Amino acid sequence: MALKRIIPCLLLRDNGLVKTVKFKKSTYIGDPINAVKIFNEKEVDELVFLDIDATRNGKEPSYQLIQDIASECFMPFCYGGGVKNIDQIRRLIASGAEKVAINSAAFHDPKLISTAAKLFGSSTIVVSIDYKKNLFGKKMVFVEGGRKSTKIDPVSYAIQMEELGAGELFLNSIERDGTMEGYDVETVQNIANAVSIPIIACGGANDLQDFKKVLQIEGVSAAAGSRFVFQGKKRGVLISYLEPAEINSLT
């Protein structure tokens, strides 16, 4: 059986670490470098950093912060946020990111995915897919930080991104973001049935059973979430991770 990964997803805003609920209600968590040091001690396999303001504000990725993270980070990490051209991807990789997640630009400029996959290898290019129900109750992919509907359903969009050359998909349920109500297993399963590239599921994780439920889906290579920076119903700030025995129970 392929190794299943549990990945903390860390949100960046103004070079600080924050947490959101349904892409809103941003709460400051602390310094991302301190979080990295704690995750180093807990021997986390991988990290994902997403700058939630970069695309919305038209900002460049914070290359210095990424270099600082890379200098402290013992594990590989993926960076996403504000990525819209090849030069940025090249600089991000040079700054230490092993993978680059592309969200809004994958919709606005699909050729970016195919070009990047050819230049840097498909395993480096992750397409981040944020989705939620529209006014008619249909699940649709949203870009621009969850504000703009693409009018494309997640399954069709995932197929398109695979055809363009994406090496991995990062699925994030906007409606479950930060709620700790469990993953959207149905949508993850539907997408896994439709594509052959690895899937990272995100949005809604709370306990070990949530991880087990989504990781048992064939095609899901990892479960991600912010559960590792919040703890309990009152959302107290606590940097944590699963114990080795818990991780072993997932495989």
Side-chain angles (χ1 to χ4, degrees), residues 3-13 15-23 26-52 62 65-66 68-81 92 96-101 103 126 128-130 168-174 176-183 188 198-215 220-232 235-251:
L3 178 65
K4 299 286 187 175
R5 296 166 292 155
I6 304 294
I7 306 175
C9 181
L10 307 176
L11 305 182
L12 302 172
R13 169 171 278 166
N15 289 347
L17 190 63
V18 300
K19 182 63 197 83
T20 58
V21 177
K22 298 183 179 181
F23 282 32
S26 174
T27 302
Y28 179 73
I29 299 297
D31 177 49
I33 303 301
N34 288 336
V36 167
K37 291 178 180 178
I38 295 173
F39 285 127
N40 281 338
E41 294 176 359
K42 295 183 178 296
E43 299 182 348
V44 173
D45 292 327
E46 189 173 342
L47 294 173
V48 171
F49 291 91
L50 301 176
D51 188 325
I52 61 176
S62 180
L65 175 61
I66 295 160
D68 293 342
I69 289 172
S71 67
E72 292 287 347
C73 203
F74 294 169
M75 72 289 289
F77 68 90
C78 174
Y79 170 84
L92 288 167
E98 182 182 68
K99 299 178 183 178
V100 177
N103 189 305
V126 179
S128 175
I129 301 176
D130 299 330
E168 197 166 29
L169 300 176
F170 185 92
L171 307 181
N172 197 359
S173 169
I174 297 173
R176 292 178 183 247
D177 169 57
T179 65
M180 299 184 180
E181 295 176 350
Y183 290 100
V188 176
I199 292 170
I200 302 173
C202 189
N206 180 38
D207 56 27
L208 193 63
Q209 292 305 312
D210 290 333
F211 294 123
K212 284 184 176 181
K213 192 176 296 184
V214 77
L215 286 173
V220 174
S221 65
S226 61
R227 176 240 191 231
F228 307 108
V229 297
F230 272 159
Q231 187 75 12
R235 307 292 200 273
V237 176
L238 176 65
I239 305 296
S240 65
Y241 194 61
L242 299 180
E243 295 297 326
E246 293 177 313
I247 296 175
N248 290 336
S249 73
L250 298 173
T251 58

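Since this is a predicted model, take the numbers as computed values, not measurements.
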Residue pair [X] / [Y]: nearest heavy atoms and the distance that separates them:
| X | Y | result |
| --- | --- | --- |
| Tyr79 | Ser62 | OH-N, 4.3 Å |
| Val36 | Cys73 | CG1-CA, 3.7 Å |
| Asp210 | Tyr183 | O-CD1, 3.5 Å |
| Val44 | Leu47 | CG1-CD2, 4.1 Å |
| Thr179 | Gly204 | OG1-CA, 4.2 Å |
| Tyr28 | Gly16 | CE1-CA, 4.2 Å |

| request: Could you go through the side chain to side chain contact (heavy atoms under 4.5 Å, CB included) check for Leu65 and Phe49 one step at a time? | output: CA-CA 11 Å; Leu65 175 61; Phe49 291 91; over 6 Å; no
Rounded distance (nearest 0.5 Å) linking atom [atom1] of [X] with atom [atom2] of [Y]:
| X | Y | atom1 | atom2 | answer |
| --- | --- | --- | --- | --- |
| Leu171 | Ile199 | CG | CD1 | 5.5 Å |
| Leu208 | Ile6 | CG | CD1 | 8.0 Å |
| Leu169 | Ser221 | CG | OG | 9.5 Å |
| Cys9 | Phe170 | SG | CZ | 4.0 Å |
| Lys99 | Glu46 | NZ | CD | 4.0 Å |
| Glu41 | Lys37 | CD | NZ | 9.5 Å |

| request: May I have the step-by-step check of side chain to side chain contact (heavy atoms under 4.5 Å, CB included) for Leu10 and Phe39, ending in yes or no? | output: CA-CA 11 Å; Leu10 307 176; Phe39 285 127; 3.9 Å; yes
| task | I would like to know whether Ile33 and Ile69 meet side chain to side chain contact (heavy atoms under 4.5 Å, CB included); could you show each step before the answer? | result | CA-CA 6 Å; Ile33 303 301; Ile69 289 172; 3.8 Å; yes
| Residues Lys19, Asp177: salt bridge by 4.0 Å N-O rule | yes
| Do side-chain atoms of Arg13 reach the backbone of Ile52 as a donor and acceptor pair under 3.5 angstrom? | no
| query | With distance as the sole test, does Asp130 use its side chain to make a donor-acceptor pair with the main-chain N or O of Ile174 at under 3.5 Å? | reply | no
| field | Worked check of side chain to side chain contact (heavy atoms under 4.5 Å, CB included) between Glu181 and Asn206 | value | CA-CA 7 Å; Glu181 295 176 350; Asn206 180 38; over 6 Å; no
